[in-house]
Amino acid sequence: METVLVINAGSSSLKFQLFGVAAAGDLQRLVKGLVDGVGTSPRMRALGVDGVPLIDQGYSHDHIPDLSAAAQLAGTWLSERQGFNLVAVGHRVVQGGPDHDQPLRVNESVLRNLERFVPLAPLHQPGNLEPIRMLLQSRPDLPQVACFDTGFHRGHTDVADYYALPRRFHGRGARRYGFHGLSYEYVSARLREVAPKIADQRVIVAHLGNGASMCAIFAGRSIETTMGFTALDGLPMGTRCGQIDPGVILYLMTETGMTATEIQDLLYRESGLKGLSGISSDVRDLLESDSPQAAFALDYFVYRVGLYAGTLAAALNGLDAFVFTAGIGENSALMRARIVENLAWLGAELDPVANAEGRLAISTSSSRIVLLVVPTDEELMIARHTLEVISKDTSGAK
Ligand code: AMP
């Protein structure tokens, strides 16, 4: 069976999924795996169809010193043990820069171009590109496709895209890129299948996971989103601060003597729910805790989702539907209920039974906006894009 491999490489972990390509071009998930602890104590785990465990094995640091080695490990294990005929690899790349609104096939010159965006996403872009570089060298014949988290937002108007800095800074790359685009694109496509009327209307999708953002979508196109230049802006997240007055950063630099690296660490790794609660970045832990700080962190999160719903509803000039997705949005009925309370002014009414059961539609029939829960699937989106790009290349070559 022909297969497409999807790689989502972070800074110290590499997620991979293998999809089988059925005759009609339908994709079937065959393997879902992870190599984590890269740089410390690497471990590979993978599940097969129906969640059957396939491997759970530790490796020495010398054996898997970096992400390239992790990608090689996963690739070798898949080809030796699983024996699938790999036709292409799709990669999640966080930053596609101002011009890439579509996924594209990677060659040396595309890779060099994507390397130019490392300064825009120094924590994520190098890890995303490392397995691409390794595969270009070791398997130059294997088609690779880069899929961008920023691509879905590239159609924004200038007023949404600019910061109010002197214009030359926009040209130098200081603009609002937006992220989680593959998730929003998947959810938009899924809306066409499960709620086709809504798919053409004014929708806010709330991607509430460890990373969290919200997107205003009209007729399937992103028109505004809460993240900007980096994936720090907007909502508070597991460990990221969300929206913050840039004056705070200046204050930290000038008054506390913190270095840029220390501030980066503070904003990306020590803030958000973790920083506010002092307990955990995980909403499950905070919901279980009886600490007032845990309750405060959750109140803060719920309040901010409500604030941004107002902002995005203004960008859409009204609202027809609000969609929950990602870890918190898909799994926590309690958090959804609390967030919907803050959407009452928009006419949202929750059906508590449908919400508790995690149904697709969780609003009452009299609700002025439709409330939905749509599980996201960024990897499937990447696999689809990858197949499309290589099919186009093949048909173009004929
Ligand atoms: P994601 O980044 O989309 O995988 O989401 C991960 C986050 O979802 C975790 O850090 C948790 O905070 C949250 N999460 C997952 N399951 C639940 C649940 N049952 N209740 C509350 N939060 C959850």
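It should be emphasised that the depicted structure is a prediction, and the values quoted were computed from it without experimental measurement. In what follows, every heavy atom counts, from backbone to side chain, and hydrogens, waters and symmetry copies are set aside. Note that ligands are numbered from 1 as they come in the structure, with each ligand's atoms numbered from 1 the same way.
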* E330 and T325: side-chain donor and acceptor closer than 3.5 Å? -> yes
* Structure fact -> Residue, atom and distance of the protein heavy atom nearest atom 11 (C) of ligand 1 read D282 OD1, 3.2 Å
* What residue and heavy atom of the protein are closest to atom 13 (C) of ligand 1, and at what distance? -> I328 CG1, 3.5 Å
* **Protein heavy-atom partner closest to atom 23 (C) of ligand 1 - residue, atom, separation in Å** => R284 CG, 3.7 Å
* Atom CG in L360, atom CG in L372: separation rounded to 0.5 Å? -> 5.0 Å
* Which residue and non-hydrogen atom of the protein lie closest to atom 19 (N) of ligand 1, and at what distance in Å? -> N331 CB, 3.5 Å
* Side-chain H-bond candidate by donor/acceptor type, H207 with S213, under 3.5 Å -> no
* Are the side chains of L371 and D351 in touch, meaning some heavy atoms are under 4.5 Å apart? -> no
* What atoms in ligand 1 come closer than 4.0 Å to a heavy atom of A326? -> 3 (O)
* Asked: With atoms numbered from 1 as shown, which atoms in ligand 1 lie under 4.0 angstrom from a non-hydrogen atom of G209?
  -> 1 (P), 2 (O), 3 (O), 5 (O)
* **Option whose closest heavy atom lies nearest to atom 12 (O) of ligand 1, chosen from N210, L298, L208, V283** => V283
* **N8 and H91: side chain donor to acceptor below 3.5 Å** => no
* Asked: In the protein, which heavy atom is nearest to atom 5 (O) of ligand 1, and how far is it?
  -> G327 CA, 3.3 Å
* Without hydrogens or angle criteria, can the side chains of Q102 and H385 be said to hold a donor-acceptor pair below 3.5 Å? -> no
